[in-house]
Amino acid sequence: MKEKVDRSINRIDAPEKTGGYAEYIADMKFEGMLYAKTLRSEKPRAVIKSIDIPLLPEGCYVVDKNDIPGKNRVKMLLDDQPFFAEDIVNYIGEPILLVVGPDREQVAQVLSNIRVLYEEMEPVFTIVDAVKCDKASIYGEDNCFSGYEIIRGDPDRAFREAAEAIEGEYRTGLQEHIYLEPQGVIGVYENERVTVYGSMQCPYYIKTALVQGFGWDEERIRVVQTTTGGAFGGKEEYTSIIAGHAAFAAVKTGRPVRLIFDRAEDIICTTKRHPSIIKIKTALDKNRKITAMEVEITLDGGAYAGLSPVVLQRAMFAATGVYNIPNIKVKGRVFATNNVPSGAMRGFGGPQAFFAIEMHMQSLAESISRDPLDFKMENMLSKGDLTVTGGVLRYEVKLPQMIDLVEKMSGYRRKYEAFINDRGEVPKGIGLSIFYHGCAFTGSGEKEKIRARVKLKKRKDGKVLILVASVEMGQGSSTTLRKIVARAMDLPVEDVIYENPDTDIVPDSGPTVASRTVMIVGFLLKKAAERLKAGGEKAADFKVTEACEGPAELEVTEEYEEPGYIKWGHEKFEGDAYPTYSWGVNVVEVEVDPVTFVIKVNGIWGVYDIGTIIDERIIRGQMEGGIAQGLGYAAFEVMNTDCGNILQPSLADYIIPNSKEFPEMEIRLIDNPYEYGPFGAKGAGELPFIGAAPALASAVQNALKVPIKRLPVTPEYLLKVAEGEK
Ligand code: MOS
């Protein structure tokens, strides 16, 4: 038998933990640590004919597809994306190899001397071209990553019998997350095990991806989240790629390997929000009542599928908005292009769909000379009605009260009338959006894919440890989860401990996504806390961790159980697409510069139903941040590409709104407890984003008296619209 040698790797400069101290991945240093930099494709679509690597200086390494012991595919829905390109590249920025070495400048120097010989292929950059093209991505069967259809009632007949049908086409563009902290990981190989530390949302997604990439037993893989400076979906699936890179490099070199992006690299190669084209056609009877709706959603998935199929599903489940439509046809497809892969971003398909449906309803009402808000309210869903997929809305829908409240706060109706008749020098407008967000995973995802588990441990000194895989990424979940447990156990919050997840210690409570953390994981923690308070079980498999110096006395594990009322048929997308919904109403007031078409936001009001509030300050932060990010998407953040090159690769070019851009937001929260959420809480994080763009675009429509059909609403677009272009 081989003698076991301790090959531990030491942290250096590991500071004392004191109150208020946060350690980001860039603060972590290990003995003998090497730096990695990525060689990326310069072509949007090409065959790699050869790679010419100069003689490497001592201590420098190249890590590529040949250094992947398992499968060169990043574990995701369709498993189509390689960690390192094989013989084909499909977008500019696709990783080909890493150069790794002890000196950062030397690494950059080596990298710049590598020559790749490409044989270019015909690339595809737009949705319109992608629909026509046979195959832009080498890895799929055809050029469509996935396509689905939802049919409820008899939409064809309703359209045949309609008195009139009104159509619109809506388009949305790219959006970049701009989390404050760019992506970064460190891979460490010691004692036959790999550990990846990093800024992330989903430690277990990364662990699963590494298990597949290495082809190793899962015991040999460990993933540890470091303090994470924002994510917004951008660290949901993307981080698995670079975690693989750093881990493969660590194993090859036997040294810790650090891979941290600067802003430009981060913008160029990480996922973006899916661009979309959404066509909506509405059938009206002779009394101008809506009898049917047909929605066709097409998304630009970029070069690899990633999470696109689920983003598309979420867009489809939001296709008819908050409206009660008797006959529905929704067709959705996501296509491959040679753009950077699209991926998860706050709202996950919802923002595109709600922009389209809200603008359509506004334009439809205006085209039949109805007041848009009256028309929307007449068609609005309420308790007992069916969702787009035929699920029953089992809980009270408080939209009428919420609209009343936002009307009182903003004076929407009076201003809408005044502005529509106003022909003043500076056009002013006000817009109102009504929306929801489905809480937690779609369909049977929570039950079948995730099966969340949580654990609580109680120490001899009475302190309780929360063991979950859910991360704190600035959204406040650590405080919220601690408050839930503290309240359920009648403990002071200080006695409940939460630390960044480490897959060696925490069970898999699922990814930190889909506005599920508080509602799903928090509810399990509440149940666990109640059982722990009542006694719990003797702790058996206790590991001593930094968070827990003393031995634990008691522990409790809880596992997700689906509420009995949920019925879902995945083949036809029939039934309850979500356990429940959070709701919102958003009003935005603007003025538009008559010469430059620059939009100035003069007022922002929002009313939200997210069940019960656990921590009001955190929720206000989420609502205000979501609105600001949503307004950025609406009008301020412009990301264009030219032949696959991103034209705004820095924060000087890609302008996100700053704190001075917007007036103070007035936010109200409605209490509407959900029986399967902790103390009644539902999902909150994504909801406020969704309503912002349609509210702003409606306000611009009110100001300029022309239909707005594009996001972002840039001055260039408004100039064209004002000149009569459709
Ligand atoms: Mo996500 S967009 O982090 O569900």
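For reference, positions follow the sequence shown, starting with 1. Read the numbers this way: they start at 1 and go in the same order the structure lists the ligands and their atoms.
Sorted by chain and number, the heavy-atom contacts of ligand 1 below 4.0 Å come from Q201, G233, E236, A344, M345, R346, F348, V513, A514, E686.
Classification of the Y170-H360 ring pair by plane angle, with boundaries at 30° and 60°, yields perpendicular. Using the six-membered ring where Trp is involved, Y581 and W583 have ring planes that are tilted, between 30° and 60° apart.
Checked against the 6.0 Å centroid threshold, Y436 and F354 count as a close aromatic pair. Two rings, from F441 and W568, have their centers 6.0 Å or more apart.
Residues E686 and S515 bring a donor and an acceptor atom of their side chains to less than 3.5 Å of each other.
No option in L524, V521, L525 other than V521 meets the side chain to side chain contact (heavy atoms under 4.5 Å, CB included) test with S509.
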